[in-house]
J.: 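The structure's right below; bear with me while I get my questions together.
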Amino acid sequence: QVQLVESGGGLVQPGGSLRLSCAASGFTFSTYAMSWYRQAPGKERELVASISSAGVSTNYADSVKDRATISADNAKNTMYLQMNTLKPEDTAVYYCNARRTTLIRVYEYWGQGTQVTVSS
């Protein structure tokens, strides 16, 4: 059974930091591209950051570039998102995503999300 379990969210003051974790199970973690998405109230879900299956390349949304670092530990089947200098506009539910594309089909899984609230 595939599971993606996010943790590390919570209430943070503006300017603060946090690290989100996504623990994966039920699939071969190292063969999937992993991503963090977020969805704020009344807004569409947006890509925050992604890391390739080999961990060679990363990609960030302009809104978090220079403030976020995505990483993956294949030995622990866990992905991380370190967020610094948090702003109120970073408030959202953050979702973990795993995706693998083959010639036949796309495999894609989502976590249940973790709430991040940036407020004083």
Side-chain angles (χ1 to χ4, degrees):
Q1 182 181 0
V2 172
Q3 278 195 313
L4 293 173
V5 181
E6 301 97 333
S7 61
L11 175 63
V12 184
Q13 289 191 342
S17 299
L18 54 73
R19 187 175 81 156
L20 303 180
S21 299
C22 171
S25 61
F27 63 98
T28 307
F29 180 80
S30 61
T31 66
Y32 280 67
M34 300 296 296
S35 300
W36 287 99
Y37 285 75
R38 68 185 181 186
Q39 187 167 20
K43 295 189 177 181
E44 293 187 355
R45 190 173 296 190
E46 64 174 355
L47 177 66
V48 177
S50 60
I51 185 166
S52 63
S53 58
V56 174
S57 63
T58 58
N59 182 57
Y60 297 93
D62 288 342
S63 58
V64 303
K65 199 168 291 185
D66 299 326
R67 298 190 297 120
T69 302
I70 188 171
S71 61
D73 186 335
N74 289 339
K76 296 183 178 180
N77 289 351
T78 301
M79 172 179 65
Y80 305 96
L81 181 69
Q82 176 70 40
M83 293 277 291
N84 301 320
T85 319
L86 284 161
K87 306 175 182 180
E89 50 263 44
D90 293 318
T91 295
V93 178
Y94 283 70
Y95 297 92
C96 173
N97 173 274
R99 184 180 176 93
R100 179 172 177 258
T101 301
T102 70
L103 292 177
I104 301 173
R105 61 170 286 187
V106 175
Y107 299 84
E108 186 167 34
Y109 310 114
W110 290 92
Q112 82 290 348
T114 185
Q115 176 71 47
V116 172
T117 302
V118 183
S119 175
S120 55

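Heavy atoms only: backbone and side chains are in, while hydrogens, waters and symmetry mates are out.
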J.: Is the backbone N or O of Y94 less than 3.5 Å from a side-chain atom of T114, with the two atoms forming a donor-acceptor pair by type?
T.: no
J.: Quick check for you: to the nearest 0.5 Å, what is the distance between W110 atom CH2 and R99 atom CZ?
T.: 9.0 Å
J.: Nearest 0.5 Å, please: how far is OG1 in T78 from CE in M34?
T.: 9.0 Å
J.: Of the non-hydrogen atoms in A92 and A40, which two are nearest, and what is the gap between them?
T.: CB-N, 3.8 Å
J.: Could you check whether any side-chain heavy atom of I70 comes within less than 4.5 Å of a side-chain heavy atom of M79, counting everything from C-beta outward?
T.: yes
J.: Check whether the ring centres of F27 and Y107 lie less than 6.0 Å apart, and answer yes or no.
T.: no
J.: Taking all heavy atoms of G111 and all of Y95, pick out the closest pair and write down the distance.
T.: O-CD2, 3.7 Å
J.: So, taking the atom named OG1 in T91 and the one named CZ in R38, what distance separates them when rounded to the nearest 0.5 Å?
T.: 9.0 Å
J.: Give every residue pair that meets the side chain to side chain donor-acceptor pair (under 3.5 Å) criterion with at least one member in residues 3-12, sequence neighbours excluded.
T.: E6-Q112
J.: Just grab all the side chain to side chain donor-acceptor pair (under 3.5 Å) pairs involving residues 67-77, residues at least two apart or on different chains.
T.: R67-D90
J.: Which pairs would a plain distance check flag for residues 17-24, meaning a side-chain donor or acceptor within less than 3.5 Å of a matching protein atom at least two apart in sequence or in another chain?
T.:
residue, atom, partner, partner atom, Å
S17, OG, N84, OD1, 3.0

J.: Indicate the atoms forming the closest heavy-atom contact of V64 with M83, along with that distance.
T.: CG1-CE, 4.1 Å
J.: Could you go step by step and tell me if V118 and K87 meet the side-chain contact (heavy atoms from CB on, under 4.5 Å) rule?
T.: CA-CA 6 Å; V118 183; K87 306 175 182 180; 5.5 Å; no
J.: Taking the side chain as every heavy atom from C-beta outward, state whether L47 and N59 have any atom pair closer than 4.5 Å.
T.: yes
J.: To the nearest 0.5 Å, tell me how far Y80 OH sits from C96 SG.
T.: 11.5 Å
